[in-house]
Number of protein chains: 2
Amino acid sequence: MTVPLASVASDTAATLREQVYESLREALTQGKFAPGQKLTIRSIGNALGVSVMPVREALRRLTAEGAFEMQPNRSVRVPLMTRAKIVELRDIRVALEGLAAERAAEHVTPEKIAELQQLALEIVAARERGDSAIDRIKIREFHFTLYRTSGQTTLVRMIEALWLQTGPYMNLLFPAYVRGRRGEGRRRLIQALQAREGASARREIADDIREALTYVADLADDEGVIGVKAAR
Amino acid sequence: MTVPLASVASDTAATLREQVYESLREALTQGKFAPGQKLTIRSIGNALGVSVMPVREALRRLTAEGAFEMQPNRSVRVPLMTRAKIVELRDIRVALEGLAAERAAEHVTPEKIAELQQLALEIVAARERGDSAIDRIKIREFHFTLYRTSGQTTLVRMIEALWLQTGPYMNLLFPAYVRGRRGEGRRRLIQALQAREGASARREIADDIREALTYVADLADDEGVIGVKAAR
DNA sequence: CGCGCCAATTTGTGATCACAAATATCCTTG
DNA sequence: CAAGGATATTTGTGATCACAAATTGGCGCG
């Protein structure tokens with residue numbers, strides 16, 4: 001089995017284990033693994049030019065974070081995504097990212113607001129160009145810049161794990177879903193931050209996530225498994 | 001350094017790694033590690049009679065779950081608990097356990113309600129005897145029986161990780177906080193379940209967690225670290 | 001031609017070794 | 001006596017080996 005992984009060399013991670021972790025994380029985010037795909041320790045090690053040791057530890061961590069799952073036969077695979085699971089993750093994300101947005105509104109500074117406004121502009125620009133790769137990257141940056149503003153490190157860490165689970169499936173929002181959306185939600189969010197209105201900020205983020213993941217969930221029938229298209 | 005760990009023999013876990021994981025988890029829950037305590041791989045391995053390999057993987061998982069934290073010097077330690085962190089965990093738990101309670105109310109069966117009623121009785125009985133060890137165990141069982149009723153496996157897994165982080169500090173609720181509490185909240189929760197009122201169930205759980213963790217948070221001054229008394 | 005059984009291979013797990021970084025200890029020096 | 005540096009020990013990391021469980025492939029039997 002060959003595994004589509006970039007070399008680990010470029011990263012700044014101190015240990016090989018962390019480089020393998022980042023490499024797998026990146027591949028997952030870009031949707032390079034098929035849902036249900038089985039991964040073997042040795043094939044990952046070969047693809048990255050390391051022994052089994054760092055791979056084992058990286059897989060253990062990613063499994064704890066829900067990015068992979070262990071099967072009874074002890075092998076690791078990419079979780080299958082069902083409609084029910086998308087809905088579950090949607091509700092969790094609405095709760096936690098809504099909470100982070102509310103706390104962010106309480107700690108926000110003018111500098112952070114300027115940063116978010118800049119990112120919002122870049123998202124609109126990328127969308128007008130039809131550049132969904134940059135679009136996705138900037139959306140992620142926008143959200144996590146907001147969440148980190150909350151100062152709640154445990155909360156941010158949990159949200160990162162959730163994005164790792166839903167990440168590949170967010171590709172399905174492009175291009176149909178995002179078409180015509182002109183960032184009105186982000187504009188209202190920034191207004192809420194400027195006014196220090198935590199409840200409004202929470203509502204904007206909650207609505208955004210709820211709508212997007214409801215759209216993704218509806219792409220699968222009730223029992224069906226959602227496939228992932230390769231990242232562009 | 002000696003580590004207070006029971007032998008791994010009794011467990012039914014398939015792999016040594018899982019036995020080490022369960023062993024460390026149990027020790028954490030019982031508050032056998034001091035906050036800030038540094039743990040070395042070899043000392044844990046010696047205490048459990050295994051080599052470093054299973055310990056490394058168990059620690060990696062527990063670190064990903066937030067039960068331990070890695071220091072820049074690569075060593076693993078028990079996280080220090082501050083007032084701000086307790087408040088953060090409180091708000092996350094209110095959100096997620098409230099959500100689980102609401103979903104549980106939508107899926108609850110008469111059998112589950114009977115099971116919860118039985119547990120509620122056992123909690124009251126233990127409390128009247130002043131048996132806080134049984135009290136804590138039954139409280140945990142009550143909560144997770146409720147949460148599992150939601151059928152949301154990812155959500156339950158996240159809540160388990162949260163309990164692992166706050167677990168030792170819940171000992172601080174005994175005996176002062178629980179004294180005089182006669183389980184009125186649990187009675188109202190069960191009523192809400194019987195009536196299939198998700199919003200009421202959420203409110204009961206949310207209030208319970210908010211009050212308990214606010215009490216714990218107030219045990220520390222603003223910058224201070226909260227110590228943990230040994231489990232009885 | 002299809003199904004089940006057995007051998008060959010793959011794969012996960014755990015122990016051990018080597019090495020470098022971090023930590024502790026001791027000795028010297030001011 | 002205190003402080004700084006050299007040495008010794010501890011500790012985390014990664015590679016390799018051995019072994020057992022799981023998987024695969026092919027063969028023979030029905």
Side-chain angles (χ1 to χ4, degrees), chain A residues 1-25 33-34 36-65 67-80, chain B residues 1-5 7-25 33-34 36-65 67-79:
Chain A
M1 181 199 320
T2 57
V3 178
L5 289 173
S7 166
V8 299
S10 61
D11 259 295
T12 55
T15 62
L16 280 184
R17 162 186 11 118
E18 284 171 67
Q19 291 175 32
V20 173
Y21 172 80
E22 291 297 338
S23 212
L24 290 171
R25 194 177 219 284
F33 295 132
Q37 180 175 348
K38 209 178 93 177
L39 296 175
T40 66
I41 295 174
R42 283 175 175 86
S43 64
I44 296 171
N46 286 340
L48 296 177
V50 299
S51 80
V52 297
M53 281 291 327
V55 178
R56 284 166 68 168
E57 298 196 80
L59 280 183
R60 218 53 66 196
R61 176 172 172 190
L62 286 161
T63 301
E65 290 172 348
F68 293 125
E69 62 184 17
M70 291 210 61
Q71 290 185 294
N73 40 336
R74 297 181 171 180
S75 70
V76 170
R77 69 171 193 179
V78 182
L80 295 175
Chain B
M1 182 200 317
T2 56
V3 178
L5 290 173
S7 167
V8 299
S10 60
D11 260 295
T12 56
T15 61
L16 280 183
R17 157 181 21 110
E18 284 171 68
Q19 291 175 33
V20 173
Y21 171 81
E22 291 298 338
S23 213
L24 290 170
R25 192 177 221 283
F33 295 131
Q37 179 175 349
K38 208 178 94 178
L39 296 175
T40 66
I41 295 174
R42 283 174 175 86
S43 64
I44 296 171
N46 285 340
L48 297 177
V50 299
S51 79
V52 296
M53 281 291 327
V55 179
R56 283 165 70 168
E57 299 198 79
L59 279 183
R60 218 53 66 196
R61 176 172 173 191
L62 286 161
T63 302
E65 291 172 348
F68 293 124
E69 63 185 17
M70 290 211 61
Q71 290 185 293
N73 39 336
R74 298 180 170 181
S75 69
V76 170
R77 69 170 193 181
V78 182

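From a predicted model like this one, the values you see are computed outputs, not experimental measurements. Order of the sequence lines sets the chain letters (A, B, ...), proteins ahead of strands, with each chain counted from 1. For the numbers below, each heavy atom of this structure counts, side chains included, while hydrogens, waters and symmetry mates do not.
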*Among D/dG14, D/dA18, C/dT16, which is the nearest nucleotide to the side chain of B/Ser51?*
C/dT16
*Which of these nucleotides, D/dA22, C/dT13, D/dG14, is closest to any side-chain atom of A/Arg42?*
C/dT13
Rounded off to whole Å, could you give me the [atom1]-to-[atom2] distance for the [X] and [N] pair?
X       : N      : atom1 : atom2 : answer
B/Leu16 : D/dA20 : CG    : C1'   : 13 Å
A/Lys38 : D/dT23 : NZ    : P     : 6 Å
A/Asn46 : C/dT11 : CG    : P     : 10 Å
B/Met70 : C/dA22 : CE    : P     : 12 Å
B/Ile41 : C/dA20 : CD1   : P     : 18 Å
B/Gln71 : D/dT13 : CD    : P     : 12 Å
B/Arg77 : D/dG12 : CZ    : P     : 15 Å
B/Leu39 : C/dA22 : CG    : P     : 19 Å

_Any N or O donor-acceptor pair under 3.5 Å from the base of D/dG14 to the side chain of B/Arg56?_
yes
*Would you state whether a donor and an acceptor, one from the side chain of B/Arg17 and one from the base of C/dG14, lie under 3.5 Å apart?*
no
*Counting just side-chain N and O atoms, does A/Arg74 come under 4.0 Å of either OP1 or OP2 of D/dT23?*
no
